[in-house]
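Numbers here are sequence positions counted from 1. In what follows, every heavy atom counts, from backbone to side chain, and hydrogens, waters and symmetry copies are set aside.
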Amino acid sequence: MPTPEAGSVPAGRRVVRLPVVDPATGETFDEVADQQPGELDDVVARAQRAWHGWRADPAARTSALRGAADAVATAGDDLARLLTREQGKPLAESYAEVARTAARLRYFADLAPRTRRIDDGRPVHSEIRWRPLGPVAAIVPWNFPLQLAAAKFAPALAAGNTMVLKPSPFTPLATRLLGSVLAAALPQDVLTVVTGREPLGSRLASHPGIRHVTFTGSVPTGRAVAAAAAASLARVTLELGGNDAALLLDDVDVDRIADRLFWAAFRNCGQVCMAVKRVYVPARLHAEVVEALAHRAKSVTVGPGLDPETRLGPLNNAPQLARVEQLTRQALADGARAASGGHRLDPPGYFFAPTILTDVPPGSVVVTEEQFGPVLPVLPYRSLDEAVDAANGTEFGLGGSVWGTDLDRAEAVADQLECGTVWINHHAELSLAQPFAGIKDSGVGVAGGPWGLYGNLRPFVFHRPQEG
């Protein structure tokens with residue numbers, strides 16, 4: 001299937017290539033164009049021209065987005081295998097990500113803004129109508145390249161905007177292929193994929209032709225994106241990760257919840273923004289919980305994502321492997337003990353042993369920062385107030401969960417957590433229809449459901465006299 005790269009290259013200019021590494025081997029297996037910031041002017045101009053026709057016909061948009069969803073599903077095998085090759089996740093998880101991408105397109109294809117009548121006692125017919133913003137930019141990370149891209153382009157396109165999409169330089173291939181699949185189902189230049197290293201993303205965020213910048217990634221990069229977008233007063237939506245706490249109550253059934261809790265932390269090798277990244281356990285249950293989680297960490301099959309026996313793949317890239325290793329070493333130096341793992345696995349590839357840490361000092365960086373890897377500290381508490389304070393004691397506020405048998409009590413505790421989403425007896429499960437947003441350093445704006453649609457629209461207030 002062809003995978004054309006967006007943007008034209010002037011005659012005589014050498015095309016710079018960006019190598020793409022298979023994280024299961026650490027070896028380069030393909031490359032894409034490393035596009036330069038100067039190429040964005042033409043890309044954004046074409047998105048602006050395409051916007052005028054795309055925004056004008058809501059019925060045609062609905063039909064095109066449904067067709068795009070079907071096209072993604074049809075290309076599922078190619079997309080999933082390429083996604084696993086460049087990202088590292090098990091193939092079954094890649095198939096699930098492709099399915100989620102298609103489902104998000106179908107969901108937003110059938111979602112439309114509602115005109116609202118304003119009744120304020122005046123003899124005027126007043127309405128709030130909704131208009132699209134124009135060309136939108138999306139900058140997507142490497143942990144869920146397709147799913148997070150769809151979380152941005154599906155509502156933006158459904159609202160009548162066009163989009164320029166930039167994937168991470170670590171995972172450009174599946175997104176480029178997705179762009180090719182979508183290009184066959186959508187009008188020309190409605191969605192364009194650009195690939196490359198910095199400063200391509202910075203230039204895209206600051207481009208004067210972009211009216212909304214949506215970004216998922218780290219807090220420092222999110223701040224830089226917001227500053228760049230401020231130059232043109234573009235709207236920003238930022239999802240900046242999390243350090244989600246799971247708080248276990250003293251009536252929890254450890255055997256019953258251990259599998260769910262383990263996978264809430266370790267799915268996609270822990271590279272999930274809303275994964276469980278800290279576990280707080282009553283002191284009397286601490287040893288039991290550590291043993292249950294360590295048993296699962298020691299027995300889970302780690303390997304290349306294309307191996308059907310694999311449950312945990314590698315970390316996606318060498319810098320992230322180095323960060324996870326450094327955080328773990330620091331925790332061990334601080335006095336923590338590895339009940340399982342605690343080290344990288346032998347090459348080739350970016351593999352790190354699934355790690356359960358105990359005896360971790362509460363101020364250790366593996367607790368206060370987002371490790372974004374297969375490392376989980378389990379911390380004992382002696383009072384519930386102490387546990388809630390600790391769970392709320394970081395600069396993040398994306399998600400959290402409470403685990404216990406008495407659901408009313410669990411709900412009362414969950415209501416005290418400072419985060420955008422809270423779960424009871426499970427974690428990191430989202431529907432397409434619900435909002436997704438964090439507080440504190442975890443983000444700005446709202447994605448998901450109708451909120452995601454309206455985030456890509458502006459109100460247009462319309463008045464007319466009731467009588468001539």
Side-chain angles (χ1 to χ4, degrees), residues 218-219 240-250 252 254 257-258 261-262 264-266 270 272-294 297 323-343 352-404 410 412-420 422-423 427-428 438-442:
S218 71
V219 174
L240 304 181
N243 189 357
D244 290 14
L247 198 160
L248 277 57
L249 301 182
D250 56 11
V252 71
V254 176
I257 62 97
L261 182 60
F262 178 83
F266 285 89
V272 182
C273 59
M274 68 186 92
V276 170
K277 298 185 175 76
R278 301 170 284 151
V279 179
Y280 293 95
V281 185
R284 70 175 184 84
L285 295 175
H286 182 256
E288 183 182 356
V289 171
V290 168
E291 181 181 1
L293 294 174
R323 172 173 168 76
V324 169
E325 184 175 37
Q326 187 274 326
L327 288 175
T328 304
R329 283 181 174 174
Q330 184 62 56
L332 296 173
D334 290 342
R337 179 177 63 85
S340 67
H343 54 87
F352 197 87
T355 299
I356 304 297
L357 295 176
T358 185
D359 302 327
V360 185
S364 178
V365 289
V366 79
V367 176
T368 60
E369 296 184 13
E370 181 183 30
Q371 64 271 35
F372 218 65
V375 177
L376 183 65
V378 183
L379 301 106
Y381 69 84
R382 300 198 177 278
S383 76
L384 200 49
D385 287 343
E386 169 195 331
V388 171
D389 288 345
N392 291 336
T394 76
E395 295 304 312
F396 294 95
L398 192 60
S401 55
V402 178
W403 304 68
V413 174
D415 198 43
Q416 300 177 57
L417 297 185
E418 297 173 354
C419 53
V422 68
W423 296 268
H427 197 105
I439 64 171
K440 299 191 282 188
D441 282 358
S442 284

Taking every non-hydrogen atom, the tightest pair across A336 and P361 | N-CD, 4.3 Å
Hey, are the side chains of L247 and L384 touching, using non-hydrogen atoms and a 4.5 Å cut-off?
-> yes
Could you state the interatomic distance from CZ (R329) to NE2 (H343), rounded to the nearest 0.5 Å?
-> 12.0 Å
When you look at CD of E291, are more than 12 heavy atoms from neighbouring residues, nucleotides or ligands closer to it than 6.0 Å?
-> no
For residues Q371 and P377, report the shortest heavy-atom separation together with the two atoms involved.
-> NE2-CD, 3.7 Å
Min side-chain heavy-atom separation L248-P282 under 4.5 Å | yes
Could you state the interatomic distance from CG (L249) to OH (Y280), rounded to the nearest 0.5 Å?
-> 14.5 Å
With sequence neighbours excluded, residues passing side-chain contact (heavy atoms from CB on, under 4.5 Å) with A265 = V276, L376
Looking only at heavy atoms, the pair that brings S340 and I356 closest together is OG-N, 3.1 Å
Short question: side chain of S442, backbone of L240 - any donor-acceptor pair under 3.5 Å?
-> no
State, to 0.1 Å, how close A275 and G270 come at their nearest heavy-atom pair, and which atoms those are.
-> CB-O, 4.4 Å
Close side-chain approach of D415 and V422, heavy atoms under 4.5 Å | no
State, yes or no, whether a side-chain contact exists between V254 and V252 at a heavy-atom distance under 4.5 Å.
-> yes
Could you tell me the separation between the CH2 atom of W423 and the CG atom of L417, rounded to the nearest 0.5 Å?
-> 11.0 Å
So, the side chain of E370 versus the backbone of G242: is there a donor-acceptor pair under 3.5 Å, distance only?
-> yes
Sequence neighbours left out, what passes side-chain hydrogen bond (donor to acceptor under 3.5 Å, both in side chains) with Q330? Give chain and number order.
-> D334
Looking at residues at least two apart in the chain, or sitting in another chain, which of them share a side-chain hydrogen bond (donor to acceptor under 3.5 Å, both in side chains) with R337?
-> none
Once you round to the nearest 0.5 Å, how far does OG of S364 lie from CG of D359?
-> 12.0 Å
What pairs of residues pass the ring pair (Phe, Tyr, Trp, His ring centres under 6.0 Å) test when at least one of them lies in residues 359-378, not counting sequence neighbours?
-> W142-F372
Testing V378, T368, D244, V367 for side-chain contact (heavy atoms from CB on, under 4.5 Å) with R278, which one passes?
-> V367
Please name all residues satisfying side-chain hydrogen bond (donor to acceptor under 3.5 Å, both in side chains) with S218, sequence neighbours left out, ordered by chain then number.
-> T221
Does a side-chain heavy-atom distance below 4.5 Å link V324 with T355?
-> no
Quiz: residues 387-402 side-chain donor-acceptor pairs under 3.5 angstrom, not counting sequence neighbours:
unit_1, atom_1, unit_2, atom_2, d
N392, OD1, E418, N, 2.9
N392, ND2, V388, O, 3.4
N392, ND2, Q416, O, 3.1
T394, OG1, F396, N, 3.1
S401, OG, W403, NE1, 2.8
S401, OG, H427, ND1, 2.7

If we only count heavy atoms from C-beta on, is the E288 to V281 side-chain gap below 4.5 Å?
-> no
Steps toward side chain to side chain contact (heavy atoms under 4.5 Å, CB included) verdict (L327, V375) = CA-CA 9 Å; L327 288 175; V375 177; over 6 Å; no
